[in-house]
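The structure appears right after this line, and notes come after that.
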Protein chains: 2
Amino acid sequence: MANKKRTTLKDIAVKLNISPAAVSKAMHDDSRISDRTKEAVKRVAKELNYQPNHLASALRKGKSNLVGVIVPRTNSNFFSSVLENMEAVLNKAGYNIIITQSNESFEKECKNIDTLLYTQVDGIIASMANETVDLSHYEKIKSNGIPLILFDRGENDLNVDYVGINDYDSSHVIVEHLVEKGCKRIAHIGGYRRTRIFNNRIRGYVDALKKNKLPIDDSLIVESALTLEDGRLKMEKLLKLKDRPDAIYAASDYAALGALQVLNENRINVPNDIRLVGFGNEPFTSLVSPSMTSIDQHSKDIGRIAANTFLDYAAKDDVKQSLNKIILDAELIVRDSSK
Amino acid sequence: MANKKRTTLKDIAVKLNISPAAVSKAMHDDSRISDRTKEAVKRVAKELNYQPNHLASALRKGKSNLVGVIVPRTNSNFFSSVLENMEAVLNKAGYNIIITQSNESFEKECKNIDTLLYTQVDGIIASMANETVDLSHYEKIKSNGIPLILFDRGENDLNVDYVGINDYDSSHVIVEHLVEKGCKRIAHIGGYRRTRIFNNRIRGYVDALKKNKLPIDDSLIVESALTLEDGRLKMEKLLKLKDRPDAIYAASDYAALGALQVLNENRINVPNDIRLVGFGNEPFTSLVSPSMTSIDQHSKDIGRIAANTFLDYAAKDDVKQSLNKIILDAELIVRDSSK
DNA sequence: TATATTTGCTTAATCGATTAAGCAAATATA
DNA sequence: TATATTTGCTTAATCGATTAAGCAAATATA
């Protein structure tokens, strides 16, 4: 049966007739403890199946070795891949991560932050919910004196570290690609302008058109929730234009998929009649017909870099953060939808 | 700037010239504390921005109010939906959850369990990795005296609570549906038999064939890793049979999608030439062409029930678990691929 | 040989919050 | 009025692990 009581340092100390302090030091290979004692302690620890009490050591050391992570949702390939790589780096450094989802809700995000602070995490790595405009709950993290690292969805005003891809340049890469294929009327199903990354994609799109001497047509720029359903709606709207676009650049793969469905249903040939490019390189982009051109966001690198940024702060004594952006180049994955 | 030091109960006590014990009781609305004192304490707590130290209270109370969750991966719709609903129930009861991913790896699963036990969680809710055969790490949870609840991917031998759908019956529902459509040679791209749920689906498939007086053809039953790639391979293999199947029942939507791609590439009409049914009701099933018939696993209910099962144990003094299965009926969502 | 240093531990305090035990004052009951 | 009960707190111990300070014995150095 189960040992009702967990083994503590004291149990080991009693068994070996030494002080709990000596046991603690032996477990941490303190140089002032003899090898004989260390061996004995470790042997007895194993015998009694000793598991250190994290709460006690965290309380005493003022450090929980936990990192909180907030993502809008885990069921996208991008975020789950970021998480996986983040975790690998942090685990190696002796940290464990607590994953929370905001479900794109501002309220939930606030609650998540409270939970994480309450759990005494040593730092928070977050990607902001779509709904979030007010930043006071993020300020709370900073005023707690623990590092805050943002990725993908960030905000300059917080003056903290940020890791993400170059959204502005990505739009350029996409537009150049479409122009090269002969497209003249490129529509953009974009996200809400208030979210920085989507705003950057819109700006990039506009500037890239200018650079290629193409006219800016406001009817070809639509703001969208970027869900599959909204992608469908916005595509239907675009098809009703007198002068139809010959290419669609959607700021998310889900919206692009919605657009693709509408195009397929209307027997509009992709890529011959209208070319289509998505964003995010979700696994399904290679699965649909025709397969979809998209932007890969280097989720692995983002996860690793965000984790390492946290570790840099963890190694220091005091946390002094400033706006420090690490911007990665995104990669265009060309597939059938734009060939 | 940030308050370098966090506010503690003692700070409030000093300010009000009462004992920390009284402050603690006031914060918890102890009946033996006067309303006057309670009000004063709460006012000062707000003034000083007091945040209780979770580590200290958890250590003292021997209860962390954290629940650990282990899933194979978060980027499937099923698991992310389970997590969302689980979290909602647990949050309401004052618990927070720590999500970890095993990535289907036995080794990672062991590490996750160690992490969660180390973090002093009050219970663990888990869905087992595909690789897992040895159960000793799960036994470790039980011997720690905290409740263990399994869902979706469980194991009878552990003698703990389990929540899942009726895989055996689901296979019957699928086979009946295909038989009704006139199918005579139904192939099954199944998972590995050692995983209980997949074994049950295979058994259900075989028994349902028998029940419908259809012959059992071993060449129509293939064991698969159930990934998209493996679904493709297994479908290609099935197409090479002298006597081709007229229906495919895949034990995962990803494998079914692989099969669908191969069928589409070979210009085999789905559903007219071969009918296709998947499992899991992943969002893409309604997005592909033709849309795919699949089984919905009631992720919301599973998440809620698993959470409530944990809460039942949390309310009790001692944890005495036994094999206790809660089996939900799954629902067949009929789409174009089998119409 | 006398002093300094190192080794290998122990003692006691601490991290914050909680709680059993107890005490004095206020109030209720006989 | 005398005793019992309740109210509103305080005191002190505790949850385990860690660590600063310190001490005696062993060893090194002059």
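What you are looking at is a predicted structure, and each value in this text was computed from that prediction instead of being measured. Just so it is clear: chains get the letters A, B, ... in the order the sequence lines come, proteins before strands, and each one is counted from 1.
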For this session: Measure the shortest side-chain to side-chain distance between A:Q101 and A:F79 over non-hydrogen atoms and say whether it is less than 4.5 angstrom.
Result: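 A:Q101 does not reach A:F79 side chain to side chain.
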Exercise. Within a strict 4.5 Å, meaning less than it, do heavy atoms of the B:Y313 and B:D161 side chains meet?
Worked result: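 Side chain of B:Y313 against side chain of B:D161, heavy atoms only: contact under 4.5 Å found.
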Mind listing the N/O atom pairs, protein and nucleotides 26-29 of chain D, below 3.5 Å?
none

Exercise. Per the side chain to side chain contact (heavy atoms under 4.5 Å, CB included) rule, which among A:L148, A:L158, A:N159 passes with A:Q321?
Worked result: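 Testing A:Q321 for a side chain to side chain contact (heavy atoms under 4.5 Å, CB included) against A:L148, A:L158, A:N159 leaves exactly one candidate, A:L148.
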Exercise. Just checking A:L55: base, sugar-phosphate only, or nothing, at a heavy-atom cut-off of under 4.0 Å?
Worked result: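 Answer is nothing: A:L55 stays at 4.0 Å or more from every strand.
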Problem set entry | Pair assignment for DNA chain D - dot-bracket with | for other-strand partners, Watson-Crick or G-U under 3.5 Å | ||||||||||||||||||||||||||||||
What nucleotide among [options] has an atom nearest to a side-chain atom of [X]?
| X | options | answer |
| --- | --- | --- |
| B:L59 | D:dC15, C:dT10, C:dA17 | D:dC15 |
| A:A21 | D:dG16, C:dA12, D:dC9 | C:dA12 |
| B:H28 | C:dG16, D:dT18, C:dT18 | C:dT18 |
| A:L9 | D:dT18, D:dT19, C:dT19 | D:dT18 |

Problem set entry | Distance in angstrom units between A:N65 CG and C:dC15 C1', rounded |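 Taking CG of A:N65 and C1' of C:dC15, I get 16 Å after rounding.
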Exercise. Once you round it to whole Å, what is the distance between P of C:dA20 and NZ of B:K61?
Worked result: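 In whole Å, C:dA20 P and B:K61 NZ are 13 Å from each other.
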Exercise. Quick one: do A:R43 and A:E47 make a salt bridge, cutoff under 4.0 Å?
Worked result: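 A salt bridge is present here (some side-chain N lies under 4.0 Å from a carboxylate O).
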Restricting to nitrogen or oxygen on both sides, can you table the protein-nucleotides 6-8 of chain C pairs closer than 3.5 Å?
| from | atom 1 | to | atom 2 | distance (Å) |
| --- | --- | --- | --- | --- |
| C:dG8 | N7 | A:R32 | NE | 3.0 |
| C:dG8 | N7 | A:R32 | NH2 | 3.4 |
| C:dG8 | O6 | A:R32 | NH2 | 2.6 |

Exercise. Any chance the side chains of A:Y118 and B:N96 put a donor and an acceptor closer than 3.5 Å?
Worked result: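 The answer is no; no qualifying pair exists.
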For this session: On the 0 to 90° scale, with breaks at 30° and 60°, tag the A:F106-A:H137 ring pair as parallel, tilted or perpendicular.
Result: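 Aromatic pair A:F106/A:H137 classed perpendicular.
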Exercise. If only side-chain N and O atoms of B:Y50 are considered, is one of them under 4.0 Å from the OP1 or OP2 phosphate oxygen of C:dA17?
Worked result: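 For B:Y50, the contact criterion (side-chain N or O under 4.0 Å from OP1 or OP2 of C:dA17) is met.
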Exercise. Does C:dA17 have OP1 or OP2 sitting under 4.0 Å from an N or O in the side chain of B:S57?
Worked result: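 False: B:S57 side-chain N/O out of range (4.0 Å or more) of C:dA17 OP1/OP2.
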Problem set entry | 5′-ward residue of the pair A:M27/B:S19 relative to DNA chain D |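 Whichever sits nearer the 5' end wins; that is B:S19.
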